[in-house]
Amino acid sequence: MAARPRGRLVRDEPAHSPRPRRQAGVLARQGRGGVDGRSRHRERGVTGDGVRLLAPDGTRVPHPEHSIDLSPEELRSLYRDMALARRFDAEGVTLQRQGELGLWPSLLGQEAAQVGSVRALRDDDHAFPSYREHAVALGRGMDPLALLRLFRGVDHGDWDPAEHRFHLYTLVIGSQTLHATGYALGLAKDGSESAVVAYFGDGATAQGDVSEAFNFAAVYGAPVVFFCQNNQWAISESNERQTRVPLHQRARGFGFPGVRVDGNDVLACLAVTRWALERARRGEGPTLIEAFTYRMGAHTTSDDPSRYRDAAEVESWRAKDPLLRLERLLRAEGASDDAFFAATEAAGEELAARVREGVRSMAAPGVHELFDHVYAEPHALVDEERAAFDVYRAAFVQEG
């Protein structure tokens, strides 16, 4: 009998787990070791939250298949990236509250999932985001103001995807998984050794586009990693109202590996994503990673999460804060001191000040920009519409 590929079997849930249920405001997940599957698997780095290398108290957890050896400098760099992403995100929320942005989708609580996964990418790999991957964008070297122009309404996202191999934000839920799959197949046909990561949330898994991408990628062996940030809530719909089984198990039905990882553990997210990308590069096809995390803030700044989730649930996840657990590790291992954390905080404030000034000084788009990029070449119909628009605007000037 042929050996089973590593990662094919999900290690922390049964094949047919019962429907999740609410208990005291916290989602209970039944695993083989009881609630969350923790009693049997904690000692070997597998919990109901998934593959774990760093516990919430900052202690390391060994894992039989996924491990990572990072220098103190690399650990500090991971912390710094998460801290800067959190401060940038907080400034985005503030700017929207001040009327400078039309909308802002916060990433608060998901820093480890994004920073860990983006660190696994090589320079020649490609990331296809949804609309909340601000830390991924920063990790790819994007100018943060490019993201904010989109949410200010200055443009629709005008960065060049080829420059940082970070593709445009996608507000159409789930469609980027198809884009990523097609792009990955193109890379493979070109003989490239690059791979692709597609980012999406738990709510997107209810979209047909995602299932189509899974099937297409599996059948054709696309070098793509599907990275699902399961933050427990699709706007106001909880996991238990979206799915009968843990999300990573869906990959099994399409014929490729699915792995759940503790999405608040930056080390585990880095290790598992690196493993999945290596599979893709070896021609072994796609992988689904379910980063089990939590959306600590609102879905967007137009949302009030207190209307559909309780404070006890939020507090239970606050104890798993991704930055706090890495800080505990750094301090326990003597890899950083108060001066490092103070310098990181100062860098965050500098970033926030630059972003604040940049947003407030953004020029409004010209009135004719609406027509400039409808077609690659001049078009008679667009010229006609532009002229009609000018007549319309002139009427207001004459009446005024």
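The chain is numbered in sequence order, starting from 1.
- Salt-bridge annotation for Glu315 and Arg318: present, with a side-chain N of the basic residue lying under 4.0 Å from a carboxylate O of the acidic one.
- Taking a cutoff of 4.0 Å between a charged side-chain nitrogen and a carboxylate oxygen, Arg295 and Asp303 qualify as a salt bridge.
- Between the side chain of Thr293 and the backbone N or O of Gly109, at least one donor-acceptor pair lies under 3.5 Å.
- Taking a cutoff of 4.0 Å between a charged side-chain nitrogen and a carboxylate oxygen, Asp81 and Arg119 qualify as a salt bridge.
- A salt bridge does not link Asp337 to Arg331: none of the charged side-chain nitrogens sits closer than 4.0 Å to a carboxylate oxygen.
- Side-chain polar atoms of Ser194 and Asp124 form a donor-acceptor pair below 3.5 angstrom.
- Between the side chains of His368 and Asp390, a donor-acceptor pair is found at a separation under 3.5 Å.
- Remark: Arg281 does not engage Glu193 in a salt bridge, criterion side-chain N to carboxylate O under 4.0 Å.
- Ring geometry for Trp104 versus Phe151: interplanar angle over 60°, hence perpendicular rather than tilted (30 to 60°).
- No donor-acceptor contact under 3.5 angstrom links the side chains of Asp321 and Asn264, judged on distance only.
- Judged purely by atom type and a 3.5 angstrom limit, Arg282 has no side-chain atom pairing as donor or acceptor with the backbone of Leu277.
- No more than 12 heavy atoms of other residues, nucleotides or ligands lie within 6.0 Å of CZ in Arg80, so this atom counts as exposed by the packing criterion.
- Annotation: the span from His164 atom NE2 to Asp123 atom CG amounts to 11.0 Å, rounded to 0.5 Å.
- Proximity of a side-chain donor or acceptor of Arg356 to a complementary backbone N or O of Leu95 within less than 3.5 Å is not detected.
- Environment of CZ in Phe341: crowded, with over 12 heavy atoms of neighbouring residues, nucleotides or ligands closer than 6.0 Å.
- Using a 4.0 Å cut-off between a side-chain N of Lys or Arg and a carboxylate O of Asp or Glu, Asp155 and Arg149 qualify as a salt bridge.
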Apply salt bridge (Lys or Arg N to Asp or Glu O under 4.0 Å) to residues Arg241 and Glu237 and explain how you reach the verdict. CA-CA 6 Å; Arg241 295 177 64 89; Glu237 294 294 307; 2.7 Å; yes
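- At distances below 3.5 Å, not a single donor-acceptor pair connects side-chain atoms of Arg274 with backbone N or O atoms of Ile68.
- Between Asp304 and Arg307, no side-chain nitrogen of the basic residue sits less than 4.0 Å from a carboxylate oxygen of the acidic one, so the salt-bridge criterion is not met.
- A donor-acceptor contact closer than 3.5 angstrom links the side chains of Arg279 and Thr287.
- Asp125 has no carboxylate O lying under 4.0 Å from a charged side-chain N of Arg140, or vice versa, which leaves the two without a salt bridge.
- Side-chain contact check for Glu290 and Gln249: no donor-acceptor pair (N or O, by modelled atom type) lies under 3.5 Å.
- Donor-acceptor pairing under 3.5 Å is lacking for the side chains of Asp202 and Gln232.
- With hydrogens and angles left out, the side-chain atoms of Gln114 and Ser117 include no donor and acceptor closer than 3.5 Å.
- Of the candidates Val210, Thr177, Leu288, Cys228 forms a side-chain contact (heavy atoms from CB on, under 4.5 Å) with just one, namely Leu288.
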